[in-house]
Amino acid sequence: MGGEKVVVFSDGERILGLGDLGANGMGIPLGKAALYTALGGIKPDECLGVLLDVGTETESILKDPAYIGLRQRRVRGKEYDEFVEEFMLAAQKVSR
């Protein structure tokens, strides 16, 4: 292995049986990036964890004054798909 660049991203929904955590789910892409580093041989400086904050449907999180994410219902449909596609294309472009 050598030279691989990895971006691990999530939108914070469906987190390991915990449900929709929104921005509170940032630990998932970071943890997966750490696994790819520790077990997959990817160099730490070539692995990036990203959370795409598109809101959450979890009412208790939306009402939490300490919540750091967008305080809005989750973006869905065409707008969501276009946002993810834009992110993917930008990540590919930057990693070259």
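A quick note: this is a predicted structure, and the numbers were derived from the prediction, not measured.
V75 has its side chain out of reach of F83: every pair of non-hydrogen atoms, C-beta onward, lies at least 4.5 Å apart. No side-chain heavy atom of K93 sits under 4.5 Å from any side-chain heavy atom of L89. Looking only at side-chain heavy atoms (C-beta outward), K5 and K43 stay at 4.5 Å or farther from each other.
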Distance-only donor-acceptor pairs under 3.5 Å for side chains of residues 60-68, two or more places apart:
unit_1	atom_1	unit_2	atom_2	d
D64	OD1	A66	N	2.8
Y67	OH	A23	N	2.8

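Under a hydrophobic-cluster definition in which Ile, Leu, Val, Met, Phe, Trp and Tyr are linked whenever side-chain heavy atoms come within less than 4.5 Å, directly or via other members, M88 and V7 are assigned to the same cluster. Residue V50 is not grouped with residue I28 when hydrophobic side chains (ILVMFWY) are merged at heavy-atom distances under 4.5 angstrom, including chains of intermediate members. No continuous path of ILVMFWY side-chain contacts below 4.5 Å connects L51 to V54, so the two sit in separate hydrophobic clusters.
Within the model, atoms CG of D53 and CZ of R74 stand 8.5 Å from one another, a figure rounded to the nearest 0.5 Å. Put simply, OG1 on T56 and CG on D11 are 9.5 Å apart, with the number rounded to the nearest 0.5 Å. Between atom CZ of residue R76 and atom CG of residue D81 there is a gap of 11.0 Å, rounded to the nearest 0.5 Å. Within the model, atoms CG of D45 and CG of L48 stand 11.0 Å from one another, a figure rounded to the nearest 0.5 Å. We find the CD-CD distance between E57 and Q72 to be 10.0 Å, quoted to the nearest 0.5 Å.
Among residues two or more places apart in sequence or in another chain, the ring pair (Phe, Tyr, Trp, His ring centres under 6.0 Å) test is passed with F87 by F9.
In this model, no donor atom of one side chain and acceptor atom of the other lie less than 3.5 Å apart for T58 and D20.
Annotation for C47 and I42: closest pair CB-CG2, 4.0 Å, computed over non-hydrogen atoms.
In this structure, R14 contributes its side chain and G19 its backbone to no donor-acceptor pair below 3.5 Å.
When hydrophobic residues (I, L, V, M, F, W, Y) are linked wherever their side-chain heavy atoms come within less than 4.5 Å, L70 remains an isolated member.
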